[in-house]
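Data first, discussion second: the structure below is written as structure tokens.
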Amino acid sequence: MSNTAGQVIRCRAAVAWEAGKPLVIEEVEVAPPQANEVRLKILFTSLCHTDVYFWEAKGQNPLFPRIYGHEAGGIVESVGEGVTDLKAGDHVLPVFTGECKDCAHCKSEESNMCDLLRINTDRGVMLNDGKSRFSIKGKPIYHFVGTSTFSEYTVVHVGCLAKINPSAPLDKVCVLSCGISTGLGATLNVAKPKKGSTVAVFGLGAVGLAAAEGARMSGASRIIGVDLNSSRFEEAKKFGVTEFVNPKEHKKPVQEVIAELTNGGVDRSIECTGNVEAMISAFECVHDGWGVAVLVGVPHKEAVFKTHPVNFLNERTLKGTFFGNYKPRTDIPSVVEKYMNKELELEKFITHRVPFSEINKAFEYMLKGEGLRCIINMEE
């Protein structure tokens, strides 16, 4: 692929020209990578709810035309000046957040919230020069969260690329670049349930099921799924969920229902809905003395979390997490190895596959609430 290094590449990309309208497959020009940037060929990408949320442009700053996509797997085509740890041919997962390795967050063992490369949904250009690497007939097309994987080629900051085992199947491990790692890490890295413990998971979408998968891998004895859609329980059993509670089917608050089921509360809870009432329930359903609740979902900007301070005095712990506390470059390669070693099962998250030419079908599946992850084959 290196014979294209330094040149503009013309390729297909799915462009969102305006909010909520079907993506259009266009021929775009992709400029060569600049300093600390990498151009890669995307082989497989998948659709995450975050793409749909910003495509719909409800309640945020709309930025169009734009190339969405941030869950993907690809191969490095060429690297820009100063890039030393990646070369053409390397297999990588682009990630919506990054790891510069120089800021206080990157140097801390406790944080993964890089000052330079933390997610920025409003920025549609590259950091290096404030310009886009995509254009159509000279007109710039905006980037999305630094990845823009709905294009056969894209340019990404080197700090947002995890170099992975080249034998890992990209059509499966691509889902580790966002939602699955977020839920999995929330359990394994933040909640840290002990073997035999009880865990409640609020919200049984892809992220919540990944959190349940983490509880299963940890050896939890009971995993209670909480969701307003009872039909999700059957699917959730595949991820280790042993019991199901639908808050709508009870007259008392769901935290009280869970406390009764578990003799005082669960050891750990993970909230994956973004609903502030679910967040409060997740905190109040953990056992006093040792219970830990972890918040994963992103709430409405006006939401307020209210609970009685005595819940903290009774030695319950409330934590938040961003991308499952994984540092993209340092940690994601080892998550891929968990899959390669058969500790982590990814196939059950993948419910649909479509060719790139039919990418809008993936949006239809998600808008109808059908399935978990739809893999888009960029070469079809």
Side-chain angles (χ1 to χ4, degrees), residues 1-45 47 50-51 54-57 60-83 86 88 92 94-96 98 116-117 119-161 355-360 362-363 376 378-380:
M1 288 191 283
S2 55
N3 63 347
T4 50
Q7 300 175 28
V8 170
I9 289 178
R10 285 181 173 78
C11 68
R12 292 183 304 162
V15 178
W17 288 100
E18 53 185 304
K21 294 288 170 67
L23 306 188
V24 181
I25 304 286
E26 305 275 13
E27 183 181 80
V28 298
E29 285 124 31
V30 185
Q34 295 191 12
N36 296 316
E37 295 174 1
V38 175
R39 187 163 60 183
L40 54 145
K41 180 177 174 65
I42 300 293
L43 297 181
F44 297 94
T45 186
L47 182 64
T50 306
D51 296 307
F54 284 92
W55 165 74
E56 288 180 320
Q60 351 80 14
N61 300 323
L63 191 59
F64 295 96
R66 203 170 201 184
I67 297 172
Y68 287 99
H70 65 282
E71 270 191 10
I75 299 175
V76 173
E77 174 270 337
S78 61
V79 301
E81 182 192 334
V83 176
L86 286 173
V92 290
V95 183
F96 64 88
L116 179 69
L117 299 169
I119 186 172
N120 183 330
T121 56
D122 291 339
R123 188 175 62 232
V125 293
M126 298 301 286
L127 286 170
N128 193 54
D129 61 355
K131 293 179 180 173
S132 173
R133 301 288 170 264
F134 299 110
S135 61
I136 295 178
K137 295 175 185 164
K139 177 183 170 65
I141 308 294
Y142 292 113
H143 294 248
F144 178 63
V145 295
T147 52
S148 291
T149 61
F150 294 165
S151 174
E152 290 177 308
Y153 286 86
T154 187
V155 178
V156 178
H157 191 286
V158 64
C160 298
L161 291 169
F356 185 40
S357 58
E358 296 176 17
I359 188 171
N360 288 301
F363 280 76
I376 298 151
M378 300 299 288
E379 295 185 307
E380 291 181 353

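None of the values given here were measured: they were computed from a predicted structure. No hydrogens, no waters, no symmetry mates; every other heavy atom, side chains included, goes into these values.
- What you find for W55 and A16 is that their closest heavy atoms are CD1-CB, 4.1 Å.
- Rounding to the nearest 0.5 Å gives a distance of 7.0 Å between CG of N36 and CG of N128.
- Sorted by first and then second residue, the pairs that involve residues 150-161 and meet salt bridge (charged side-chain N to carboxylate O under 4.0 Å, His left out), not counting sequence neighbours, are R12-E152.
- Scanning for salt bridge (charged side-chain N to carboxylate O under 4.0 Å, His left out) contacts around E18 gives K21, with sequence neighbours left out.
- Of all heavy-atom pairs spanning L161 and P94, the tightest one is CD2-CA, 3.6 Å.
- Contact record, G74 with L40: CA-CD1, 4.3 Å, taken as the closest heavy-atom pair.
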Give the table of side-chain donor-acceptor pairs shorter than 3.5 Å for residues 134-148, with sequence neighbours excluded, one pair per line with atom names and distance.
unit_1 : atom_1 : unit_2 : atom_2 : d
S135   : OG     : E29    : OE1    : 3.2
H143   : NE2    : S132   : OG     : 3.4
H143   : NE2    : R133   : N      : 2.9
T147   : OG1    : G69    : O      : 2.9
T147   : OG1    : F144   : O      : 3.3
S148   : OG     : I67    : O      : 2.8
S148   : OG     : F144   : N      : 2.8

Please report the C-alpha distance between T149 and E71 in whole Å, then the side-chain angles of each, then the deciding distance to 0.1 Å, and finally whether the side-chain contact (heavy atoms from CB on, under 4.5 Å) criterion is met. CA-CA 7 Å; T149 61; E71 270 191 10; 6.0 Å; no
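- The distance from atom CD1 of I376 to atom OG of S357, rounded to the nearest 0.5 Å, is 11.0 Å.
- Residues E77 and K41 are not paired through a salt bridge, judged by the lack of any N-O separation under 4.0 Å between the basic side chain and the carboxylate.
- Taking the ring pair (Phe, Tyr, Trp, His ring centres under 6.0 Å) definition, one finds that F356 meets it with nothing, sequence neighbours left out.
- At least one side-chain heavy atom of V28 sits less than 4.5 Å from a side-chain heavy atom of S151.
- Under the 4.5 Å side-chain criterion, counting only non-hydrogen atoms from C-beta, L117 is in contact with L127.
- A side-chain donor-acceptor contact under 3.5 Å links Q34 and D129.
- You'll find the side chain of F363 reaches within 4.5 Å of the side chain of L23, heavy atoms only.
- The shortest side-chain heavy-atom distance between V155 and R39 falls under the 4.5 Å cut-off.
- The side-chain heavy atoms of V76 and V92, taken from C-beta on, include a pair separated by under 4.5 Å.
- In this structure H70 satisfies the side chain to side chain donor-acceptor pair (under 3.5 Å) test together with D51, sequence neighbours excluded.
- For R66, there are no side chain to side chain donor-acceptor pair (under 3.5 Å) partners two or more places apart in sequence or in a different chain.
- Considering only heavy atoms from C-beta on, S78 stays 4.5 Å or farther from T4 through its side chain.
- Every residue meeting the side chain to side chain contact (heavy atoms under 4.5 Å, CB included) condition with E380, not counting sequence neighbours, appears here in chain and number order: P355, N377.
- Between F54 and L63 the shortest side-chain heavy-atom distance does not fall below 4.5 Å.
- Here the CE atom belonging to M378 is positioned 8.5 Å from the CZ atom belonging to F150, to the nearest 0.5 angstrom.
- Under the side chain to side chain donor-acceptor pair (under 3.5 Å) criterion, E358 pairs with K361, sequence neighbours left out.
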